Amino acid sequence: MRMPVIFSGHGDPMIALRKDEVSMTWAEMGKQFLAKYGKPKAILAISAHWYTHGLLIQNMENPPQVNDMFGFPEELYRVRYPAKGYPALAARVQEILGAQVEIDNDWGIDHGIWTVFVHMFPAADIPVVEMSVNGDISAQEIFDIGVKLSDLRAEGYLIFGSGNIVHNLREIEWENPHGSDKTLKFNKYVIDAVKAGDAEKVIHYEKIPNADYAVPTPEHYLPLVYCMGAADGDGAQVFNDVCNLGSLAMTGFIFDDF
């Protein structure tokens with residue numbers, strides 16, 4: 001079974017503990033995913049929270065959980081997601097990308113991934129290999145890497161990107177349960193571009209109105225670009241079209257040959 005590609009917004013880490021519209025959608029998606037596709041051999045997880053010089057990937061048998069968040073209730077730090085690694089996937093990525101990627105085991109499975117997976121794949125029985133967001137190359141080059149990785153889908157691997165289409169912590173509105181006008185407009189523009197398969201608009205996000213507000217730094221947006229490349233022209237269905245706290249978009253996409 002050829003696997004789809006998934007991009008998901010992840011928002012604040014407390015989503016790991018909440019039962020709300022977003023987390024319940026993840027839970028239902030996970031059930032539907034396993035029913036339709038079966039269990040992947042492993043997940044190649046691309047997280048906004050591993051933003052690095054160069055492209056890095058892990059090949060650990062037992063990657064540690066990284067609690068890369070500070071000042072939250074103790075209950076959050078007690079959440080455990082003990083997924084195994086899958087060195088064979090890291091080796092396959094190396095085979096595909098060659099010198100473009102390096103092995104690095106100094107990180108682990110960070111909260112951009114496990115806060116989503118505790119809802120989507122709560123059994124933690126699918127191996128996870130995290131790959132970084134390369135901060136040294138252009139969005140076009142990131143897209144091109146995604147295209148190369150698309151072969152993994154036919155080999156039983158799920159490609160999963162986690163970030164946010166809109167992510168501006170300086171403009172957070174703590175009392176606003178919805179998105180600001182700028183957030184809503186930027187989010188809609190990107191949704192429309194993704195659904196239309198317009199990779200150029202997604203890649204050149206800096207040309208979209210309100211880009212400076214929506215993407216003040218690129219690390220949360222770029223996982224979508226990896227996923228758009230890996231989708232290899234497949235269609236996209238939207239889930240969690242939710243904006244909150246003024247300047248966060250939780251929007252996700254599942255790409256497949258629908």
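Along the sequence shown, the residues carry numbers beginning at 1. Quantities reported herein were computed from a predicted structural model and do not represent experimental measurements.
- By the 6.0 Å contact criterion, NE2 on H204 is enclosed, its count of non-hydrogen atoms from other residues, nucleotides or ligands being greater than 12.
- Residues satisfying the salt bridge (Lys or Arg N to Asp or Glu O under 4.0 Å) test with D12, not counting sequence neighbours, are R18.
- Two residues are said to be in side-chain contact when any heavy atoms from C-beta on lie closer than 4.5 Å; I15 and W26 meet this criterion.
- Classified by interplanar angle (parallel below 30°, tilted 30° to 60°, perpendicular above 60°), the ring pair H10/H220 is tilted.
- Between Q58 and the choices D106, I103, I109, D104, the side chain to side chain contact (heavy atoms under 4.5 Å, CB included) rule is met once, by I109.
- Atom CD of E74 has more than 12 neighbouring heavy atoms from other residues, nucleotides or ligands inside a 6.0 Å radius.
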Legend entry - Criterion side-chain contact (heavy atoms from CB on, under 4.5 Å) on V66 and E130, from CA distance to verdict: CA-CA 11 Å; V66 179; E130 191 160 319; over 6 Å; no
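- Under the 4.5 Å side-chain contact rule for hydrophobic residues, Y226 and V166 share a cluster.
- Annotation for K41: atom NZ counts as buried by contact number, over 12 foreign heavy atoms lying within 6.0 Å.
- Shown here is E21, whose CD atom has no more than 12 heavy atoms of other residues, nucleotides or ligands within 6.0 Å.
- Transitive grouping of hydrophobic side chains (ILVMFWY, heavy atoms separated by less than 4.5 Å) brings L17 and F117 into a common cluster.
- Under the 3.5 Å distance criterion, with hydrogens and angles disregarded, no donor-acceptor pair is assigned to the side chains of S138 and Q140.
- The side-chain heavy atoms of L222 and N134, taken from C-beta on, include no pair separated by under 4.5 Å.
- With sequence neighbours excluded, the residues satisfying salt bridge (Lys or Arg N to Asp or Glu O under 4.0 Å) with K201 are D198.
- One finds the CG atom of L89 at 10.5 Å from the CD atom of Q94 (value rounded to the nearest 0.5 Å).
- Residue R170 qualifies as open at atom CZ: its count of foreign heavy atoms under 6.0 Å is 12 or below.
- F186 has its ring centre no less than 6.0 Å from the ring centre of Y213.
- Side-chain contact between I57 and L44 is present, with heavy atoms from C-beta onward closer than 4.5 Å.
- Both F239 and V22 are assigned to one and the same hydrophobic cluster, defined by single-linkage of ILVMFWY side chains at heavy-atom distances under 4.5 Å.
- Among all heavy-atom pairs drawn from V116 and G9, the shortest one is CG2-O, 4.5 Å.
- Here the side chain of Y77 pairs a donor or acceptor atom with the backbone of M69 at under 3.5 angstrom.
- Between atom OG of residue S247 and atom CD of residue E173 there is a gap of 6.5 Å, rounded to the nearest 0.5 Å.
- Using a cut-off of 4.0 Å between Lys/Arg side-chain N and Asp/Glu carboxylate O, D234 and R2 are scored as salt-bridged.
- A salt bridge links K185 and D181; the closest N-O separation between the charged side-chain nitrogens and carboxylate oxygens is under 4.0 Å.
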Inset, instruction - Please report the C-alpha distance between F255 and I6 in whole Å, then the side-chain angles of each, then the deciding distance to 0.1 Å, and finally whether the side-chain contact (heavy atoms from CB on, under 4.5 Å) criterion is met. - result: CA-CA 6 Å; F255 299 88; I6 298 175; over 6 Å; no
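- One finds the CG atom of L152 at 5.0 Å from the CD1 atom of I159 (value rounded to the nearest 0.5 Å).
- Criterion: ILVMFWY side-chain heavy atoms under 4.5 Å apart, direct or through other members. Under it, L184 and I191 are not part of a common hydrophobic cluster.
- Residues P64 and W107 approach most closely at CG-O, 3.5 Å, considering heavy atoms.
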Legend entry - Derivation of the side-chain contact (heavy atoms from CB on, under 4.5 Å) call for F143 and M228: CA-CA 7 Å; F143 178 86; M228 193 80 177; 3.9 Å; yes
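- Relative orientation of the H111 and W114 rings is perpendicular, given thresholds of 30° and 60° on the angle between their planes.
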Legend entry - Intermediate values then yes/no, side-chain contact (heavy atoms from CB on, under 4.5 Å), V190 and L224: CA-CA 10 Å; V190 174; L224 172 61; 3.8 Å; yes
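- S162 and F160 make their closest contact through CB-CE2, 3.8 Å (heavy atoms, listed as atom of the first residue, atom of the second, distance).
- Residues A139 and V225 approach most closely at O-CG1, 3.3 Å, considering heavy atoms.
- Side chains of D256 and Y37: a donor on one and an acceptor on the other come within 3.5 Å.
- Annotation for D136 and G54: closest pair OD2-N, 3.0 Å, computed over non-hydrogen atoms.
- Of all heavy-atom pairs between D110 and S47, the closest is OD1-OG, 2.7 Å.
- Residues I137 and V93 share a single hydrophobic cluster, defined by chaining ILVMFWY side chains whose heavy atoms lie under 4.5 Å apart.
- In this structure, CE on M250 lies 10.0 Å from OG1 on T25, to the nearest 0.5 angstrom.
- Here the SG atom belonging to C227 is positioned 11.0 Å from the CD1 atom belonging to I142, to the nearest 0.5 angstrom.
- At most 12 non-hydrogen atoms from other residues, nucleotides or ligands lie less than 6.0 angstrom from CD of E102.
- Taking OG1 of T251 as the reference point, atom CG of N164 lies at 9.0 Å (rounded to 0.5 Å).
- Looking at E95 and R92, a side-chain N of the basic residue comes within less than 4.0 Å of a carboxylate O on the acidic one, giving a salt bridge.
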